[in-house]
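Encoded as C-alpha cells, the structure appears first; notes follow it.
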Amino acid sequence: MMRALLGTLLLAVTSLSAYDYALKPVRVTSDVHCFFGKPEIMDKTNNGNIVNSCYIDAGEGYVVVDTGPSYAYAESAYNAMKKIKSLPVKLVINTHIHDDHWLGNNYFTEQGIRVLGSDDFKVSADMSEPTRMQTYISGEAYAKTKPTLPTEMISSDTTLNIGNQKLELKIAKHKAHTAKDMVVYVSKSEVLIAADLVFNDRLPSVRGGDINGWLLALDELDTLKAKHVVGGHGNRTDKDAAAMTRDYFTQMRNEIRAAIAEGLSIDDTLKKVTMDGYKKYKLYEGTHRHNVEASYRVLEWE
C-alpha cells in the first residue's frame, strides 16, 4: 500500500515538474491556429519559444506545421490545441532544417505519427553536434527532446489530401533562407504558412542563404494570392505579411549593388549600408551586419 502511494506521489511530482511553455493558440481562420514566438534570440528565459508553429484542422485530425524547439514545446502546443478541439494529429510537416522548427518531432514520432520534410534534411541537418537548443535553452525545457529527422522526405512540390483539406507543399526553386525552404498552402481557407521565407517584427537572417533566391521565392509565393500569410517569425498574418522581408532585402540588394559598382570593399560597404530605417525592428544589432556581409559575398560575383 505504501509503495503504491509513493509511486502515485512520484508520478504526480514528475508530471508537475515537466516544463510547460504555457502556449496560447491564435486563430488565423476557422481551421488554422498558430502559436507565435517572441522576436528574440533563444535563451534560458524564452527556452526557444521564438518560432511560429501552426495547426490545420482537417476534420479527422490535425496537421502540424513545424514542431518547435523541444519535445516540451510540441507537447504544450498540442495540449493547448486539444482545448479548442480534441483531435488526433494525422501528419507533421517540417518546413526546413533550422532546429527551432523541428526539435519537437520526437513527441509525435514516439506516438507513431509520420513527419514529412524535404530531402535537404538528408544533406544539411548535422546530427553529430549538439543542437543550438540543447546549448542555449534550459535543461528542463530540453528534457525528453531527441533530435529526430522527418520519417518521409520529398524533393519536389507535392499535393496532399488529408481529411477535408487540400494542402499544397511547395519547395523554393532556389536557395533562399536555406537550401530548400518548404511552404504549405491551405487552399480552402487561402492560408499560406510561409515559414522562414517570411519574417516580421524582427529582421530576417540570410546567413547560410541567398538574397537573390530569397527574393525570387517571395515572387513565387505571390502567385498563390493567399489571403493570410503566416511567417516563421512575427505576428502579422494578413496578405501583405511578407512586405517587410521583401522591402528589406530589396533595399539591401540595391544598396550593396551600388556599393560594389562604386568599388567599395566589403568593410566599407558594411559601414555604408546601415539601412537606419530598420533599426526599429528587433534583432537589428545582431543580424543586419551579417546580412550585408553574406549578401555582399553573393552579389560581388554577379
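Residue numbers run from 1 in the order of the sequence given.
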>> For the CD1 atom of Ile56 and the SG atom of Cys34, what is their distance to the nearest 0.5 Å?
In response: 8.0 Å

>> Testing the basics here: between Gly61 and Leu87, what is the closest heavy-atom pair and its distance to 0.1 Å?
In response: CA-CB, 4.0 Å

>> Asn254: which residues meet the side chain to side chain contact (heavy atoms under 4.5 Å, CB included) condition with it, sequence neighbours left out?
In response: Thr250

>> Between Asp120 and Ser124, is there a side-chain donor-acceptor contact under 3.5 Å, judged purely by atom types and distance?
In response: yes

> For residues 215-224, which residue pairs qualify under side chain to side chain donor-acceptor pair (under 3.5 Å), counting only residues two or more places apart or in two chains?
Replying inline: Asp222-Arg246

> Is a side-chain donor or acceptor of Thr67 paired with a backbone partner of Gly104 at a separation under 3.5 angstrom?
Replying inline: yes

>> Under a 3.5 Å distance rule, please check whether Thr145 uses its side chain to pair with a backbone N or O of Tyr71 as donor and acceptor.
In response: yes

> So how far is it from Met275 CE to Ile256 CD1, rounded to the nearest 0.5 Å?
Replying inline: 8.0 Å

> Residues in salt bridge (Lys or Arg N to Asp or Glu O under 4.0 Å) with Lys279, at least two apart?
Replying inline: Asp276

> By salt bridge (Lys or Arg N to Asp or Glu O under 4.0 Å), which residues pair with Glu190, not counting sequence neighbours?
Replying inline: Lys227

> What class does the angle between the rings of Tyr19 and Tyr21 fall in, given that below 30° is parallel, 30 to 60° is tilted and above 60° is perpendicular?
Replying inline: perpendicular

> Nearest heavy-atom pair of Ser53 and Val64: which atoms, and what distance?
Replying inline: OG-CG1, 4.4 Å

>> Applying salt bridge (charged side-chain N to carboxylate O under 4.0 Å, His left out) as the test, list every pair that has at least one member in residues 248-266; sequence neighbours left out.
In response: Arg257-Glu302, Glu262-Lys272

> Backbone N or O of Ala176 within a donor-acceptor pair of the Thr178 side chain at under 3.5 Å?
Replying inline: no

>> Looking only at side-chain N and O atoms, does Thr287 offer a donor or acceptor that is under 3.5 Å from a partner on Tyr281?
In response: no

> Would you say Asn291's side chain and Pro204's backbone share a donor-acceptor pair under 3.5 angstrom?
Replying inline: yes

>> Minimum heavy-atom separation for Tyr107 and Ala74, please, with both atom names.
In response: CB-CB, 3.8 Å

> Which word best sums up how the rings of His233 and Phe199 line up, parallel for under 30°, tilted for 30 to 60°, or perpendicular for over 60°?
Replying inline: parallel

> Are His33 and Tyr62 linked by a side-chain donor-acceptor pair shorter than 3.5 Å?
Replying inline: no

> Are any side-chain N or O atoms of Asn52 and backbone N or O atoms of Val230, one a donor and one an acceptor, separated by less than 3.5 Å?
Replying inline: no

> Is it true that the side chains of Asn94 and Asn105 contain a donor and an acceptor less than 3.5 Å apart?
Replying inline: yes

> Hey, does Phe35 have a side-chain heavy atom less than 4.5 Å from the side chain of Lys24?
Replying inline: no

> Do His96 and Lys180 come within less than 4.5 Å of each other through their side chains, counting heavy atoms only?
Replying inline: no

> Tell me the salt bridge (charged side-chain N to carboxylate O under 4.0 Å, His left out) pairs involving residues 91-118, sequence neighbours left out?
Replying inline: Asp99-Arg132, Asp100-Arg132, Arg114-Glu152

> Are Val292 and Thr269 close enough that some pair of their side-chain heavy atoms sits under 4.5 Å apart?
Replying inline: yes

>> Going by the rule side-chain hydrogen bond (donor to acceptor under 3.5 Å, both in side chains), which residues pair with Arg207 if we only count those two or more places apart in sequence or in a different chain?
In response: none

> Listed by chain and number, what are the side chain to side chain contact (heavy atoms under 4.5 Å, CB included) partners of Asp268, not counting sequence neighbours?
Replying inline: Leu264, Ser265, Lys271

> What pairs with Phe121 under ring-ring contact (aromatic ring centres under 6.0 Å, His included), at least two apart in sequence or on another chain?
Replying inline: Trp102

> Which heavy atom of Leu149 sits nearest a heavy atom of Met153, and at what distance?
Replying inline: CB-CE, 4.2 Å

> With distance as the sole test, does Asp247 use its side chain to make a donor-acceptor pair with the main-chain N or O of Met244 at under 3.5 Å?
Replying inline: no

>> Parallel, tilted or perpendicular, judged at 30° and 60°: which one describes the rings of Trp214 and Phe249?
In response: tilted

> Is it true that a side-chain atom of Ser86 and a backbone atom of Lys82 form a donor plus acceptor pair closer than 3.5 Å?
Replying inline: no

> Do Asp181 and Thr95 touch side chain to side chain, with heavy atoms closer than 4.5 Å?
Replying inline: no

> Which value, rounded to the nearest 0.5 Å, describes the distance between Lys146 atom NZ and Met127 atom CE?
Replying inline: 12.5 Å

> If you look at every heavy atom in Leu218 and Ala242, which pair is closest and at what distance?
Replying inline: CD2-CB, 4.3 Å

Got a list of side-chain donor-acceptor pairs under 3.5 Å for residues 164-173, not counting sequence neighbours?
| from | atom 1 | to | atom 2 | distance (Å) |
| --- | --- | --- | --- | --- |
| Gln165 | NE2 | Asp31 | OD2 | 2.7 |
| Gln165 | NE2 | Asp57 | O | 3.0 |

>> Please find the pair of heavy atoms, one from Pro69 and one from Ile137, that lie closest to each other, and give the distance.
In response: O-CD1, 4.5 Å

> Where the side chain of Asp210 meets the backbone of Gly213, is there a donor-acceptor pair that is under 3.5 Å apart?
Replying inline: yes

>> If you count every heavy atom of other residues, nucleotides or ligands that lies below 6.0 Å from Lys188 atom NZ, does the total exceed 12?
In response: yes

>> Checking Arg297 now: which residues fulfil salt bridge (Lys or Arg N to Asp or Glu O under 4.0 Å) with it, not counting sequence neighbours?
In response: Glu293

> Distance from His98 atom NE2 to Ser205 atom OG, nearest 0.5 Å?
Replying inline: 7.5 Å

> Quick check: does any side chain N or O of Asn47 sit under 3.5 Å from a backbone N or O of Ser138, one acting as donor and the other as acceptor?
Replying inline: yes

>> Within the 4.5 Å heavy-atom criterion, are Asn49 and Leu23 side-chain neighbours or not?
In response: yes

>> Arg236: which residues meet the salt bridge (Lys or Arg N to Asp or Glu O under 4.0 Å) condition with it, sequence neighbours left out?
In response: Asp238

> Is there a donor-acceptor contact under 3.5 Å from the side chain of Ser76 to the main chain of Ala22?
Replying inline: no

